[in-house]
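Got a structure here, written out as structure tokens. Questions coming.
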Amino acid sequence: FDAGCLPRGSFLSFRLPPRILARQVTRVDPAAIAEAAAAVARLKKDGQRDLCLFLLGQQVAPAAELAGPVADLRRRAAGIGGKVFVVPVDTDHWRPLVPAEAPDLVRAILTRLKP
């Protein structure tokens with residue numbers, strides 16, 4: 001992955017914030033998601049944290065085309081711990097496809113990074 005962070009939880013929080021990983025690709029398509037899925041499968045297990053994967057590309061395939069590979073990635077990554085959220089981002093126009101159930105931290109990161 002090109003970037004990653006492991007945010008600390010707050011002092012009184014029982015739930016840890018998700019791991020954040022980012023990968024830059026030329027085009028976010030099913031092939032890029034499959035490549036990311038192979039990398040996610042090699043991650044160390046962490047049952048206490050979810051995983052947010054940002055795929056940043058100049059072009060993003062339609063959401064309907066990405067739905068199958070994303071569902072497959074989420075199913076295969078269930079062995080590494082919590083939920084997996086995949087966020088494709090069109091870097092040319094800054095249009096992220098954020099899942100409805102994504103944590104607030106994902107939206108906060110996207111707001112801060114918006115050019």
Side-chain angles (χ1 to χ4, degrees):
F1 293 98
D2 298 322
C5 72
L6 195 61
R8 289 187 304 174
S10 64
F11 180 67
L12 297 174
S13 175
F14 293 108
R15 183 81 176 138
L16 294 173
R19 293 184 280 179
I20 307 293
L21 297 174
R23 174 172 271 180
Q24 186 171 356
V25 295
T26 54
R27 177 173 161 76
V28 181
D29 57 7
I33 293 174
E35 184 181 315
V40 166
R42 293 188 300 267
L43 291 174
K44 184 178 175 184
K45 291 185 180 184
D46 188 353
Q48 296 180 336
R49 291 182 184 265
D50 294 337
L51 173 68
C52 296
L53 173 61
F54 290 91
L55 290 174
L56 307 160
Q58 293 176 345
Q59 298 174 352
V60 175
E65 189 177 322
L66 299 177
V70 167
D72 185 47
L73 184 149
R74 291 183 78 172
R75 182 179 44 77
R76 280 202 261 161
I80 65 161
K83 295 180 183 177
V84 177
F85 302 99
V86 179
V87 182
V89 180
D90 179 357
T91 56
D92 280 349
H93 302 96
W94 201 256
R95 292 187 193 134
L97 300 174
V98 182
E101 69 276 2
D104 293 334
L105 179 63
V106 171
R107 288 172 179 72
I109 289 172
L110 289 170
T111 301
R112 287 189 128 182
L113 293 177
K114 188 174 183 177

Is a side-chain N or O of R23 found less than 3.5 angstrom from the main chain of L53, in a donor-acceptor match?
-> no

Can you check whether P88 reaches P96 side chain to side chain, under 4.5 Å on heavy atoms?
-> no

Within a strict 4.5 Å, meaning less than it, do heavy atoms of the P30 and L66 side chains meet?
-> yes

Heavy-atom side-chain contact between I109 and L105 under 4.5 Å = yes

How many angstroms lie between atom CD of Q58 and atom CD of Q24, to the nearest 0.5 angstrom?
-> 7.5 Å

Check: R95 side chain, D90 main-chain N or O, donor-acceptor pair, under 3.5 Å = no

Side-chain touch F54/L21, heavy atoms, less than 4.5 angstrom = no

Could you grab the distance from atom CG of D104 to atom OG1 of T111, nearest 0.5 Å is fine?
-> 10.5 Å

Considering only NZ, NE, NH1 and NH2 on the basic side and carboxylate oxygens on the acidic side, decide whether K83 and E101 come within less than 4.0 Å.
-> no

Taking side chain as C-beta onward, heavy atoms only, is V87 less than 4.5 Å from V89?
-> yes

Indicate yes or no: at least one non-hydrogen side-chain atom of F85 is less than 4.5 angstrom from one of V98.
-> no

What do you reckon, is CG of D92 surrounded by more than 12 foreign heavy atoms closer than 6.0 Å?
-> yes

Minimum heavy-atom distance R27-A61, with the two atoms named = NH2-CB, 3.8 Å

Report yes if some heavy atom in the side chain of P18 is under 4.5 Å from a heavy atom in the side chain of L51; otherwise report no.
-> no

L56 vs V28 side-chain heavy atoms within contact, under 4.5 Å = no

